[in-house]
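Structure first, commentary second.
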Amino acid sequence: MSAEIEKSYRDFEKRWQEQRKKSECDLKSSAIFKLSFKRLIAMQAWRVELFDELMPSGASEFVLEAQNDLLIAHIQARSGQWRSALQAQRAAIENYLNSLFFLDHPIELRLWNKGSFRTTFSELCKYIEGYPFDIYVQENDSGLGQIKKEYALLSMAVHGSAKSFRMTKSGGASFFTADQMSLGKWNTRNRLLVKAINSILLCFFYKYLLGAKKRNLRKSIGLIMSPKEKKKVKQTYGVNIL
């Protein structure tokens, strides 16, 4: 029996590694991942250029974990692990929203560290909806409306409640696949999610980007914005996105 298990183990290891290698090779030529990498640069810039100096360590740790979630999503998508990539993106939403909440709630953060406090997605949204922003921005323009939509969709991938997110096919298990339709769907979700997070961050922190402040950050954000979107940010917040 042990010899049979050993053989099955070796066969399984060979199978999934070959499947991953083929999927990565088939996806290598796609330009989508270069666009995704630009989004990662923008999120890296938020943390390095602003949050590391602005946020207390407890809140900034949520930002770091959220950024790591997006990196994981990119890597998993690069190998064709679509459902896992979408799951990581939902985790990124939770971590970014938690960072904003705990930035202003140090007592709750201490309780969270002790395991005596937890947040829910609906509570985090309610907190942002009631936040006393200096400039009124509608929910759709703030990014919160899109965040809610993405969270609902990505939750289907987390809970396995939608057939469209399945990795398995009629022929059996599939760990990696270079399916172009799945790539397109993932790219759409990733693009809209990162834009929505950037919109929320602008609502909270636009004052730190006014005038000549944080040029590198404004330049990095510009990588993921169209000229029309840059113009709207200028009109709304007075921030010049380069």
Among R39, K185, E150, which residue meets the side chain to side chain donor-acceptor pair (under 3.5 Å) test with N190? R39

Close side-chain approach of L100 to L201, heavy-atom, < 4.5 Å: yes

With clusters defined by side-chain heavy atoms of hydrophobic residues (ILVMFWY) lying less than 4.5 Å apart, directly or transitively, does I135 cluster with F204? yes

Do S60 and R47 have a side chain donor and acceptor closer than 3.5 Å? no

Assigning hydrophobic clusters by single linkage (Ile, Leu, Val, Met, Phe, Trp, Tyr; side-chain heavy-atom cutoff under 4.5 Å), is L71 placed with I197? yes

I would like to know whether Y127 and L97 meet side-chain contact (heavy atoms from CB on, under 4.5 Å); could you show each step before the answer? CA-CA 9 Å; Y127 167 70; L97 296 189; over 6 Å; no

If hydrophobic clusters are built by linking Ile, Leu, Val, Met, Phe, Trp and Tyr wherever their side-chain heavy atoms come under 4.5 Å apart, do I41 and L35 end up in the same one? no

Tell me, yes or no, whether the heavy-atom count around K148 atom NZ, taken from other residues, nucleotides or ligands under 6.0 Å, exceeds 12. yes

Considering all heavy atoms, the nearest S182-D179 contact: OG-OD2, 2.6 Å

Take atom NZ in K219; do more than 12 heavy atoms of anything else shown fall under 6.0 Å from it? no

Does a donor on one side chain and an acceptor on the other come within less than 3.5 Å for Q67 and W46? no

S155 vs Y151 side-chain heavy atoms within contact, under 4.5 Å: yes

Under a 4.0 Å N-O cut-off, is there an ion pair linking E18 with K22? no

Check: L183 main-chain N/O paired with N187 side-chain donor or acceptor under 3.5 Å: no

Minimum-distance pair of heavy atoms, taken over all atoms of A157 and R83: O-NE, 2.5 Å

Is it true that atom CD of E13 has more than 12 heavy atoms of other residues, nucleotides or ligands lying nearer than 6.0 Å? yes

Is any side-chain heavy atom of Y206 less than 4.5 Å from a side-chain heavy atom of V233? no

Of all heavy-atom pairs between I224 and E229, which one has the smallest distance, and what is that distance? O-OE1, 3.9 Å

Do the side chains of Y96 and D69 get nearer than 4.5 Å, heavy atoms only? no

Are the side chains of L210 and N240 in contact, using a 4.5 Å heavy-atom criterion? no

Take F101 and W112, measure what ring pair (Phe, Tyr, Trp, His ring centres under 6.0 Å) needs, and give me the verdict at the end. CA-CA 12 Å; F101 177 83; W112 182 88; over 10 Å; no

Exam field: side chain N198 to backbone V194, donor-acceptor pair closer than 3.5 Å: yes

For the pair K214 (side chain) and Y208 (backbone), establish whether a donor and an acceptor sit closer than 3.5 Å, ignoring hydrogens and angles. no

Closest contact, heavy atoms only, S23 versus F176: CB-CB, 3.7 Å

Where is the tightest heavy-atom contact between S199 and Y237, given as atom of each residue plus distance? O-OH, 4.4 Å

Heavy-atom closest pair (F33 atom, H74 atom, distance to 0.1 Å) is O-CE1, 3.3 Å

Is there a path of hydrophobic side-chain contacts, each under 4.5 Å between heavy atoms of I, L, V, M, F, W or Y residues, that connects I75 with M43? no

Tell me if a side-chain donor or acceptor on T236 pairs with a main-chain N or O of K232 at a distance below 3.5 Å. yes

Does K28 pair with E24 as a salt bridge, N-O distance under 4.0 Å? no

Please test E65 against N98 for side-chain contact (heavy atoms from CB on, under 4.5 Å), starting from the C-alpha separation and ending with a verdict. CA-CA 11 Å; E65 188 68 13; N98 271 307; over 6 Å; no

Tell me, yes or no, whether the heavy-atom count around F133 atom CZ, taken from other residues, nucleotides or ligands under 6.0 Å, exceeds 12. yes

Are the side chains of L124 and I128 in contact, using a 4.5 Å heavy-atom criterion? no

Is the number of heavy atoms from other residues, nucleotides or ligands under 6.0 Å of K213 NZ greater than 12? yes

Residue F117 excluded, over 12 heavy atoms near CZ under 6.0 Å: yes

With a 4.5 Å limit on heavy-atom distance, are the side chains of L86 and Q89 in contact? yes

With rounding to the nearest 0.5 Å, note down the distance linking CG in L103 to CZ in F51. 8.5 Å

Please say yes or no: joined through hydrophobic side-chain contacts below 4.5 Å, possibly via intermediate residues, are L192 and L144 part of one cluster? no

Do K230 side-chain atoms and L242 backbone N/O form a donor-acceptor pair below 3.5 Å? yes

Quick one, K195 and Q146 - any side-chain contact, counting heavy atoms below 4.5 Å? no

